[in-house]
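Chain identifiers are assigned alphabetically (A, B, ...) following the order of the sequence lines, protein sequences preceding nucleic acid strands; residue numbering begins at 1 within each chain.
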There are 2 protein chains.
Amino acid sequence: MTTTGARTSTPTLGEVADLAGVSRATVSRVINDSPRVSPEARVAVQAAVEALRYVPNRMARSLVTRRTDTIALVLSEADTQVFSDPFFASIVRGLSARLADTDLNLVLLAARGEREQEKIGRYVRQGHVDGVILMSLHNDDLLPDILTGGHVPVVLSGRPLDGRPVAYVDADNAGGAAAATRHLLSLGRRRIATISGPTDMVAGLDRLAGYRAALAEAGRTPAPELVAEGDFTEAGGVRAMTRLLADAPDLDAVFVASDPMAVGALQALRAAGRRVPEDVAVVGFDDAAVAAVCDPPLTTVAQPLDEMTGLMVELLLDQIESGERTAETRVCATSLVRRASA
Amino acid sequence: MTTTGARTSTPTLGEVADLAGVSRATVSRVINDSPRVSPEARVAVQAAVEALRYVPNRMARSLVTRRTDTIALVLSEADTQVFSDPFFASIVRGLSARLADTDLNLVLLAARGEREQEKIGRYVRQGHVDGVILMSLHNDDLLPDILTGGHVPVVLSGRPLDGRPVAYVDADNAGGAAAATRHLLSLGRRRIATISGPTDMVAGLDRLAGYRAALAEAGRTPAPELVAEGDFTEAGGVRAMTRLLADAPDLDAVFVASDPMAVGALQALRAAGRRVPEDVAVVGFDDAAVAAVCDPPLTTVAQPLDEMTGLMVELLLDQIESGERTAETRVCATSLVRRASA
DNA sequence: GGGGGTCGTGGAAACGTTTTCATGGCGCTA
DNA sequence: TAGCGCCATGAAAACGTTTCCACGACCCCC
């Protein structure tokens, strides 16, 4: 017999047990769908749960199971700009879809600046989550260090720049960029420019490397005036394209390292009176939703997002279940989606 | 004396106590900055904590304190589009800034669809968080019901459409919209159109109501062809403006219920060869970052975001500390920011 | 120099679960 | 019918904290 207290605060498992006329152990078994419960007991417990509106106390449960059934997607980025990147939205969508029919919860943690990074590190180490998927965008990010310092399973979205041994899932950025560039070459374009991502992000670097590799492979060396650095935003794409047109007015193609930037580039090209693809062929990267609807529809490099989010979850769950951190990695093939812009 | 176990898993408070030669109670006091600890004991404990790399187990602590020191921002929206809305990003930024120097953590929960809403409801009711700030965008949203059904403190971002008794913080949407419309009237514009938000969102409705009220107050009744419904996105703004130009080619002003839509409207106007503000004056809403940099810079209605996020936190903390839910509300004044577009 | 007060400390009881282990009842097989 | 094993059940021990309470030691003031 436990405290059959007044109807003040939330009911406990003990009260349910009393009402149902069984022991706490049996209630626990019903709650957790254990098969070793008689139908009668099960029904009685369920009725009591219903009557008391019982909902299990997660903290008490986690204390003994050492599981929170929660994983975090942590986003390490100085400004909130990232939210508007369709790639990020896709990752969130993919992850929650993936977790929908499990009993795992997904929480997002956003870290702007050092203090918040520390705070998130504490949050994670204190055992609030079973694992972390980390989108660490810039290479001077502290969070990989902070998080891999603890015991919590971690999977990175995107290859870590320093080659540290940690599990990650990435697209074949270099390969995709090379394929895009080769496609432009195969169209007979001679002056192929690129709008790269920020050079402190690994996706930016790898795509730029792929572009260079494809040109080198064709016996070309890209002129410096054909490379402009963007920031993965539409506005950045406008700026970069404008600069390219000023520095290299004779360009006849451009590989843009993200679709939002490509949309910006299209605007700048239109403003400059260049026709796409007749005067300038454009290839983007990401196959964001906007790529299909912009004018002209964008030829772009698609990443298999569902596959990638699936792998992230898989790698993370493997670590959680085995109880030990791994450094498994998965690199997913990209594919060129041909539309009208190149 | 507790288990002075091997260096296998994470150390516990008991092991720290043993190493420091004090009781668990004393260690707890040091951890929680209680003043009633002698300097010597404090130093000894701190050294032990350091040596063992001790980090408190949050679940155990929460079990007894009934606090998680975590609040959730839950985002109830069918698609991930919202992420790209600068208003959302501003709220996130404001909240985390506000919580930066407290020991509260902020987590984001995104619910797309009924199943995820249920899941979030469970997550919250199980006691994962101390309180919830709910951005419930559409009026058929289940989450307000789900969440206010439990005992967890809730503050809504935005007035609930059904007038239920729940704490909320909102901008004076109607007032801001009316001010914007009056401004257009004062410029001598006669055919003032509007691009409204979705009519199943309270912000959309209130801003539309404000527009209508200002016209009525001036003795005008807005013609139906001067009202186009948008969806708060840039693409929606383009579509709505295009439709308005088709249905009411003689319009000379437009009040747009959000800045992203206003940016879209500007594009459509330019494409149609209308000059802004000479031919058509444009006023937006939100004072998003983009308003200052678009062409022409946008006259818009600013919401006091810092004040609003501050109030949300304040209202929520009040409830958490008092232990009871309130239905306090705060409505913040907006202000017209004059730039070049009107 | 004794009595009240403060102060630092440790013992032990919570907090609400899960899970191990023992037990008793039952049906089956030999 | 005896014996064996399975199955549903409950008692009790965890899990790692916080916090109440009691207990000395010490200081200060009369």
Side-chain angles (χ1 to χ4, degrees), chain A residues 1-5 8-45 48-49 52-69 103 125-128 130 151, chain B residues 1-5 8-45 48-49 52-69 103 125-128 130 151:
Chain A
M1 175 73 77
T2 61
T3 52
T4 314
T8 67
S9 65
T10 64
T12 73
L13 184 139
E15 299 176 35
V16 174
D18 288 352
L19 182 58
V22 298
S23 72
R24 301 209 299 279
T26 300
V27 176
S28 176
R29 281 187 275 257
V30 172
I31 300 290
N32 295 306
D33 277 328
S34 160
R36 345 215 88 194
V37 176
S38 68
E40 310 85 68
R42 185 179 304 276
V43 168
V45 169
V49 165
L52 294 169
R53 281 212 172 79
Y54 169 71
V55 26
N57 180 316
R58 205 44 190 266
M59 300 307 148
R61 183 205 291 252
S62 293
L63 181 56
V64 33
T65 61
R66 333 214 58 130
R67 282 289 215 100
T68 64
D69 291 332
D103 53 355
R125 271 200 311 263
Q126 283 176 338
H128 268 286
D130 292 339
H151 291 166
Chain B
M1 174 73 77
T2 61
T3 52
T4 315
T8 66
S9 64
T10 64
T12 73
L13 184 139
E15 299 175 34
V16 175
D18 289 351
L19 182 58
V22 299
S23 72
R24 299 209 298 279
T26 299
V27 176
S28 176
R29 281 187 275 259
V30 172
I31 301 290
N32 296 305
D33 277 327
S34 160
R36 344 214 86 194
V37 175
S38 68
E40 310 86 68
R42 185 178 304 277
V43 168
V45 169
V49 164
L52 267 48
R53 283 214 170 77
Y54 169 71
V55 28
N57 179 316
R58 207 43 191 265
M59 301 306 147
R61 182 204 293 252
S62 294
L63 182 57
V64 32
T65 60
R66 335 214 57 130
R67 281 291 215 99
T68 64
D69 292 333
D103 53 356
R125 270 200 311 263
Q126 284 175 338
H128 268 286
D130 293 340
H151 293 164

What's the closest nucleotide to the side chain of [X] if the choices are [options]?
X	options	result
A:Arg29	D:dG16, D:dG10, C:dT19	D:dG10
B:Thr65	D:dT18, C:dT17, D:dG16	D:dT18
A:Tyr54	D:dC15, C:dT17, C:dG10	C:dT17
B:Leu63	D:dT17, C:dT9, C:dG16	C:dG16
B:Ala25	C:dA12, C:dT19, C:dT17	C:dA12
B:Asn32	D:dT18, D:dC15, C:dT17	D:dT18
A:Arg24	D:dT19, D:dG16, D:dA13	D:dA13
B:Ser28	D:dC20, D:dT9, D:dT18	D:dT18

Output the distance between atom [atom1] ([X]) and atom [atom2] ([Y]), rounded to the nearest 0.5 Å.
X	Y	atom1	atom2	result
A:Leu63	B:Arg61	CG	CZ	13.0 Å
A:His128	B:Ser62	NE2	OG	6.0 Å
B:Thr26	B:Arg36	OG1	CZ	12.5 Å
B:Arg67	B:Arg58	CZ	CZ	10.0 Å
A:Asp18	A:Thr12	CG	OG1	8.0 Å
B:Thr10	B:Glu15	OG1	CD	8.0 Å

Take atom [atom1] of [X] and atom [atom2] of [N], then tell me their distance rounded to the nearest Å.
X	N	atom1	atom2	value
B:Met59	D:dG16	CE	P	13 Å
A:Arg125	D:dG16	CZ	P	18 Å
B:Asp18	C:dG10	CG	C1'	13 Å
A:Leu52	C:dG16	CG	C1'	15 Å
A:Asn57	D:dC15	CG	P	18 Å
B:Gln126	C:dC15	CD	P	20 Å
B:Arg67	C:dG16	CZ	P	17 Å

Residue that, paired with A:Pro56, satisfies side-chain contact (heavy atoms from CB on, under 4.5 Å) out of A:Val27, A:Ile31, A:Asn32:
A:Ile31

Do the side-chain N or O atoms of A:Thr12 get closer than 4.0 angstrom to the phosphate oxygens (OP1, OP2) of C:dG16?
no

Within the structure, does a side-chain N or O atom of B:Thr26 lie under 4.0 Å from either OP1 or OP2 of C:dG10?
yes

Terminal axis angle for the helix from C:dG1-D:dC30 to C:dA30-D:dT1, five pairs an end, nearest 10 degrees:
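Here the local axes at opposite ends form an angle of 40°.
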
More 5' along DNA chain C: A:Arg61 or B:Val22, using each one's nearest nucleotide?
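It is B:Val22, whose closest nucleotide lies nearer the 5' terminus.
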
Using a 4.0 Å heavy-atom cut-off, does A:Arg58 contact any base of the nucleic acid, only the sugar-phosphate backbone, or nothing at all?
nothing

Sort me out a list of protein N/O and nucleotides 6-8 of chain C N/O pairs below 3.5 Å, or just none if empty.
| from | atom 1 | to | atom 2 | distance (Å) |
| --- | --- | --- | --- | --- |
| C:dC7 | OP2 | B:Arg36 | NH2 | 3.3 |
| C:dG8 | O3' | B:Ser38 | OG | 3.4 |

Heavy-atom closest pair, residues A:Ala44 and A:Ala20
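Answer, listing the atom of A:Ala44 first, then A:Ala20: O-CB, 3.8 Å.
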
Intermediate values then yes/no, side-chain contact (heavy atoms from CB on, under 4.5 Å), B:Met59 and A:Thr68:
CA-CA 9 Å; B:Met59 301 306 147; A:Thr68 64; 3.6 Å; yes

Would B:Val22 and B:Glu40 count as a side-chain contact (heavy atoms from CB on, under 4.5 Å) here? Give the steps.
CA-CA 11 Å; B:Val22 299; B:Glu40 310 86 68; over 6 Å; no

